[in-house]
Amino acid sequence: QVQLVESGGGLVQPGGSLRLSCAASGKDFSRSTMAWYRQVPGKQRNMVARITSSGYTNYADSARGRFTISRDNTKNTVYLQMNSLRPEDTAVYYCYMVSAGVYWGQGTQVTVSS
């Protein structure tokens, strides 16, 4: 029913920036809560940032002040702007959507390394 297509991951040097995008195929995007999670192999998957249908946002402590989540309802897309990236930000980043059900994207790799 719902598909989430992520893009924007890649290799960046410490201190650099990336912007991740997640495009949703469903009709109910504007009423959905969206979030970004990240996971390192063998470790817990943790929420990075969340945005509700009303625009309320919250962030993990490690992301607050450096990352910004936003959404464009005309494009059915949620973004994660990541600035001042650190090696410890290296992970697979997953898009997450709560609509009629709960949906996950396939993940996109972010590697922060010199």
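Numbers here are sequence positions counted from 1.
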| said: Could you check whether any side-chain N or O of Ser114 sits under 3.5 Å from a backbone N or O of Gln13, counting only pairs where one atom can act as donor and the other as acceptor? | reply: no

| task | Let me see the working for Cys95 and Val78 under side chain to side chain contact (heavy atoms under 4.5 Å, CB included), right down to the final yes or no. | result | CA-CA 8 Å; Cys95 186; Val78 64; 3.9 Å; yes

| Within 6.0 angstrom of Arg31 CZ, more than 12 heavy atoms from elsewhere | no

| task | Following the transitive rule for hydrophobic clusters with a side-chain heavy-atom cut-off under 4.5 Å over Ile, Leu, Val, Met, Phe, Trp and Tyr, establish whether Tyr103 and Met47 coincide in one cluster. | result | no

| Would a hydrophobic clustering, with Ile, Leu, Val, Met, Phe, Trp and Tyr connected at side-chain separations under 4.5 Å, put Leu4 with Leu80? | yes

| task | Look at Arg86 together with Asp89 and state whether they make a salt bridge at an N to O cut-off of under 4.0 Å. | result | no

| Do the side chain of Gln39 and the main chain of Val92 share a donor and acceptor less than 3.5 angstrom apart? | no

| Can you name the nearest heavy-atom pair linking Arg66 to Ser84, along with the distance? | NH1-O, 3.1 Å

| Linking I/L/V/M/F/W/Y whenever their side-chain heavy atoms sit closer than 4.5 Å, directly or via other members, would Ile69 and Val98 fall into one cluster? | no

| task | Verify, without hydrogens or angle tests, whether Ser25 (side chain) and Gln3 (backbone) share a donor-acceptor contact under 3.5 angstrom. | result | yes

| said: Taking side chain to side chain contact (heavy atoms under 4.5 Å, CB included) as the criterion, tell me which of Thr111, Thr90, Val112 meets it with Val12. | reply: Val112

| said: Pair Ser113, Leu11 - check side chain to side chain contact (heavy atoms under 4.5 Å, CB included), show working. | reply: CA-CA 7 Å; Ser113 176; Leu11 175 65; 4.3 Å; yes

| request: Indicate, with yes or no, if Leu18 and Tyr79 share a hydrophobic cluster defined by side-chain heavy-atom contacts under 4.5 Å among Ile, Leu, Val, Met, Phe, Trp and Tyr. | output: no

| request: Run through Tyr93, Tyr96, Trp36 and flag the one making a ring pair (Phe, Tyr, Trp, His ring centres under 6.0 Å) with Trp104. | output: Tyr96

| query | Between Ser54 and Thr52, does any side-chain donor sit less than 3.5 Å from a side-chain acceptor? | reply | yes

| request: Please report the closest heavy-atom contact between Lys75 and Thr77, naming both atoms and the distance. | output: O-OG1, 2.8 Å

| field | Interatomic distance, Phe67 atom CZ to Leu20 atom CG [nearest 0.5 angstrom] | value | 8.5 Å

| Distance, nearest 0.5 Å, that separates SG of Cys22 from CD of Gln106 | 8.0 Å

| query | Can a cation-pi geometry be assigned to Arg71 and Phe29, taking NZ or CZ under 6.0 Å from the six-membered ring centre and within 45° of the ring axis? | reply | yes

| message | Taking the cut-offs as 6.0 angstrom to the six-membered ring centre and 45 degrees off its axis, would you call Arg45 and Tyr37 a cation-pi pair? | response | no

| request: Tell me, with the steps shown, if Arg38 and Ser62 meet side chain to side chain contact (heavy atoms under 4.5 Å, CB included). | output: CA-CA 12 Å; Arg38 67 186 181 189; Ser62 60; 3.1 Å; yes

| message | So which atom in Tyr94 and which in Gly105 form the shortest heavy-atom distance, rounded to 0.1 Å? | response | CD2-O, 3.7 Å

| request: Report yes or no: do Ile51 and Val48 belong to one cluster of Ile/Leu/Val/Met/Phe/Trp/Tyr joined by side chain heavy-atom distances under 4.5 Å? | output: yes

| query | Roughly how far, to the nearest 0.5 Å, is the OG atom of Ser70 from the CE atom of Met34? | reply | 11.5 Å

| message | Give me the atom names and distance for the closest heavy-atom approach of Gly9 to Val110. | response | CA-CG2, 4.2 Å

